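Data block below; observations after.
Being a predicted model, the structure only gives us computed values, none of them experimental.
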Amino acid sequence: MTNTTKKEIVRLVKDCAPIVDTENISDETKLIDDLQYDSLAIIDLFEQLKEKFGIECYENPDIYDSLESVMTLVSFVDKLLKEVDTVYE
């Protein structure tokens with residue numbers, strides 16, 4: 001994963017977060033506990049990831065585990081992007 005891709009994911013996490021103060025987001029920041037993500041924010045994030053990266057989050061059973069922290073989400077998106085790249089090679 002490129003640094004740009006990680007920055008884009010973090011930007012989407014910030015944009016979709018229900019709380020206003022998102023300046024101190026780190027890899028360990030928990031989406032639900034720290035950023036107060038609720039079901040609507042999660043759906044919004046999934047839609048933004050689909051629009052930005054062309055990945056379908058809803059169909060993957062591991063998606064909810066990826067919501068633990070920013071880093072788990074970044075790793076999950078990276079995995080999906082690699083799978084897409086493999087399909088198109």
Side-chain angles (χ1 to χ4, degrees):
M1 168 172 296
T2 66
N3 196 29
T4 304
T5 303
K6 181 179 177 184
K7 286 180 182 178
E8 283 295 318
I9 295 169
V10 171
R11 185 187 62 77
L12 292 177
V13 167
K14 286 180 178 184
D15 289 349
C16 297
I19 65 169
V20 176
D21 183 19
T22 58
E23 291 304 313
N24 297 319
I25 289 181
S26 70
D27 288 349
E28 292 80 30
T29 300
K30 298 188 182 315
L31 275 67
I32 294 171
D33 295 338
D34 298 332
L35 298 178
Q36 301 175 4
Y37 262 67
D38 58 12
S39 57
L40 293 176
I42 291 169
I43 290 170
D44 188 26
L45 179 62
F46 288 175
E47 290 300 316
Q48 295 296 324
L49 290 169
K50 181 179 179 180
E51 185 176 312
K52 180 68 182 174
F53 298 105
I55 56 174
E56 187 63 63
C57 297
Y58 298 109
E59 297 174 1
N60 194 306
D62 297 328
I63 185 61
Y64 298 102
D65 292 335
S66 78
L67 296 174
E68 176 66 26
S69 68
V70 170
M71 193 63 217
T72 57
L73 179 64
V74 168
S75 296
F76 176 76
V77 171
D78 185 46
K79 176 184 158 198
L80 289 181
L81 290 173
K82 285 179 182 175
E83 288 174 4
V84 169
D85 286 344
T86 303
V87 168
Y88 290 109
E89 288 182 350

Intermediate values then yes/no, side-chain contact (heavy atoms from CB on, under 4.5 Å), Phe76 and Leu49: CA-CA 11 Å; Phe76 176 76; Leu49 290 169; over 6 Å; no
Distance (rounded to the nearest 0.5 Å) between Leu73 CG and Glu68 CD: 11.5 Å
Sidechain N-carboxylate O distance under 4.0 Å for Glu47, Lys50: no
CG on Asp78 to CD on Glu83, rounded to 0.5 Å: 10.0 Å
Full working for side-chain contact (heavy atoms from CB on, under 4.5 Å) between Gln36 and Ile32: CA-CA 5 Å; Gln36 301 175 4; Ile32 294 171; over 6 Å; no
Thr5 vs Val74 side-chain heavy atoms within contact, under 4.5 Å: no
Heavy-atom side-chain contact between Asp38 and Ile42 under 4.5 Å: no
Atom pair CD/CG of Gln48 and Asp15 - distance to nearest 0.5 Å: 7.0 Å
Residue pair Thr72, Leu67: steps toward the side-chain contact (heavy atoms from CB on, under 4.5 Å) verdict: CA-CA 7 Å; Thr72 57; Leu67 296 174; over 6 Å; no
Glu28 backbone acceptor or donor facing Ser69 side chain under 3.5 Å: no
Approximate separation, where rounding is to 0.5 Å, of Cys16 SG and Arg11 CZ: 9.0 Å
Between OG1 on residue Thr29 and CE on residue Met71, distance to nearest 0.5 Å: 12.0 Å
Derivation and outcome, side-chain contact (heavy atoms from CB on, under 4.5 Å), residues Leu35 and Lys30: CA-CA 7 Å; Leu35 298 178; Lys30 298 188 182 315; over 6 Å; no
Lys6 bridged to Asp27 by N-O distance under 4.0 Å: yes
Main-chain N/O of Leu45 paired to Tyr37 side chain as donor or acceptor, under 3.5 Å: no
Student check: side-chain heavy atoms of Glu8 and Phe53 closer than 4.5 Å: yes
